[in-house]
Amino acid sequence: MSSAPFIVVKDLVKHFPLKAGLFSRAAEKVHAVNGVSLAIERGRTHGLVGESGSGKTTTARLLLRVIEPDSGSFSFGETPDVFALGPPELKKLRRGMQYIFQDPYASLNPKMQIRGIVTEPLRYGEGSSRLSSRELDDTAAGLLERVGLSGSDIRKYPHEFSGGQRQRICIARALSARPSFIVCDEPVSSLDVSIQSQILNLLLDIQEETGISYLFIAHNLAVVFYLSDYVSVMYAGRIVEAGPSKVLSSRARHPYTRLLLAAMPGNRSAEGGAPPDSGEPPSLIRLPPGCAFYSRCPQRSQECAREVPPLEETESGHHSACFRER
Ligand SMILES: Nc1ncnc2c1ncn2[C@@H]1O[C@H](COP(=O)(O)OP(=O)(O)OP(=O)(O)O)[C@@H](O)[C@H]1O
Ligand SMILES: [Mg+2]
């Protein structure tokens, strides 16, 4: 049995400096990610959920090294420290780590044929194959068929496809490099509800076949539970609760997770008893000294205003950052 998980992220921090203003003395910072740790097993899905601005996309961009962290570590398979890699090693690693984003149209070059788009990851980086035109055609057609499109679509352009089909093209492009990890950032939130489950099921089929690991980011808790083995709940740049999907959906401890659960459509408390939530997350420029959820929390105590509650294990594999719910 292997011991360490395939992916281990520890204490990730990213603060974006804002330009010093006319009336502010020091440059202020947006505290977007404030010590995020997570692990993903091979062939598993780790869901990351939280409301807008909680730092989910920033976390994803840090792992993909689109932006650089202030601190933290990230081990990926045999690579102990992804953040320490220089450009040549990073280029090599990037093939193993692909992404799918929210807006499938914005992520496809409108001037490129699908053939070029889906084989793009094969044409750069270490070991990039010098495929003949015929081989590229065959590869592209195979990838399109794999994601439920027709191989004869390779000469078409992105505008000739629907939103769901375009997301399938993005998935085909991600798969072309035979990655072992895909970051999916809100991959279905721009799609019609009827199309969403098709794309989710495609992602599940692909995982079953290939053993790819996913970091799956979404607002929608139902979607996250459907796809994920393990879920982390993010609030104001921190993980406030994490645990196996089944445990979190039935025995959430953190008041913020409970609030998200109560707001799920079809949930009994969403239709009745749940207290209305009128609050907003704190400013990420001036985070409060204690729990970031303090101002909205129905269970707050004085202790919560003074100190940030640490993320502690409450039962096997289930962690919560709340002084009142241990
Ligand atoms: N380049 C940047 N410069 C300054 N602030 C940034 C930058 N990128 C992100 N932020 C801020 O960091 C915070 C976290 O943003 P992020 O995009 O990670 O949130 P999110 O959880 O993905 O939200 P959403 O659900 O809306 O996609 C936000 O306040 C955002 O405005
Ligand atoms: Mg986002």
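Atoms within each ligand, like the ligands themselves, are counted from 1 in listed order.
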Discussion item. Let me confirm one number: the CZ-OG distance from Arg42 to Ser213, rounded to the nearest 0.5 Å.
Written reply: 6.5 Å
Practice prompt. To the nearest 0.5 angstrom, please state how far the CE atom of Met97 sits from the CD1 atom of Ile182.
Written response: 12.0 Å
Worksheet item: What is the nearest protein non-hydrogen atom to atom 29 (O) of ligand 1, stated with its residue, atom name and distance?
Response: Leu284 CD1, 3.3 Å
Fill in: atom 25 (O) of ligand 1: the protein heavy-atom neighbour that sits closest, reported with distance to 0.1 Å
Lys56 NZ, 2.7 Å
Worksheet entry | Ligand-side contact atoms (ligand 1) for residue partner Ala32, heavy atom cut-off under 4.0 Å | 12 (O), 13 (C)
Discussion item. Classify the ring geometry of Phe181 against Phe76: parallel below 30°, tilted from 30° to 60°, perpendicular beyond 60°.
Written reply: tilted
Fill in: Sub-3.5 Å N/O-N/O distance, Ser52 and ligand 1
yes
Discussion item. Just to check, does Gly53 reach to within less than 4.0 Å of ligand 1 when the distance is taken from its heavy atoms?
Written reply: yes
Practice prompt. Within a distance under 4.0 Å of any heavy atom of Thr57, pick out the atoms of ligand 1 and give their elements.
Written response: 17 (O), 18 (O), 20 (P), 22 (O), 27 (O)
Fill in: Residues Glu28, Arg286; criterion salt bridge (charged side-chain N to carboxylate O under 4.0 Å, His left out); working and verdict
CA-CA 9 Å; Glu28 293 184 303; Arg286 268 164 242 102; 2.8 Å; yes
Practice prompt. Taking both backbone and side-chain atoms into account, decide whether Gln102 has an N/O/S atom under 2.8 Å from the Mg ion (ligand 2).
Written response: no
Worksheet entry | Residue, atom name and distance, where the atom is the protein heavy atom closest to atom 11 (C) of ligand 1 | Val30 CG1, 3.8 Å
Practice prompt. Would you give the length of the straight line joining atom OG of Ser176 to atom CD1 of Ile117, rounded to the nearest 0.5 angstrom?
Written response: 11.5 Å
Item to complete: Give a yes or no on whether the backbone of Ile199 and the side-chain of Gln167 come within a donor-acceptor separation of less than 3.5 Å.
Response: no
Item to complete: Establish, from distance only, whether the side-chain atoms of Tyr226 and Asn201 form a donor-acceptor pair under 3.5 Å.
Response: yes
Worksheet item: What is the nearest protein non-hydrogen atom to atom 16 (P) of ligand 1, stated with its residue, atom name and distance?
Response: Thr58 OG1, 3.6 Å
Worksheet item: When you measure from atom 9 (C) of ligand 1 to every protein heavy atom, which one gives the shortest distance, and what is it?
Response: Phe16 CE1, 3.5 Å
Discussion item. Below the 3.5 angstrom mark, is there an N/O of Arg61, backbone or side chain, next to an N/O of ligand 1?
Written reply: no
Discussion item. Under 3.5 Å, is there a donor on one side chain and an acceptor on the other for Tyr256 and Glu51?
Written reply: yes
Discussion item. I'd like to check atom 31 (O) of ligand 1 in this structure: does the protein have a heavy atom lying under 4.0 Å from it?
Written reply: no
Item to complete: Would you mind telling me if ligand 1 is within reach of the side chain of His219, the backbone, both or neither, using heavy atoms under 4.0 Å?
Response: side chain
Item to complete: For a side chain to side chain contact (heavy atoms under 4.5 Å, CB included) with Phe216, tell me which candidate from Val223, Leu48, Asp185, Val183 qualifies.
Response: Val223
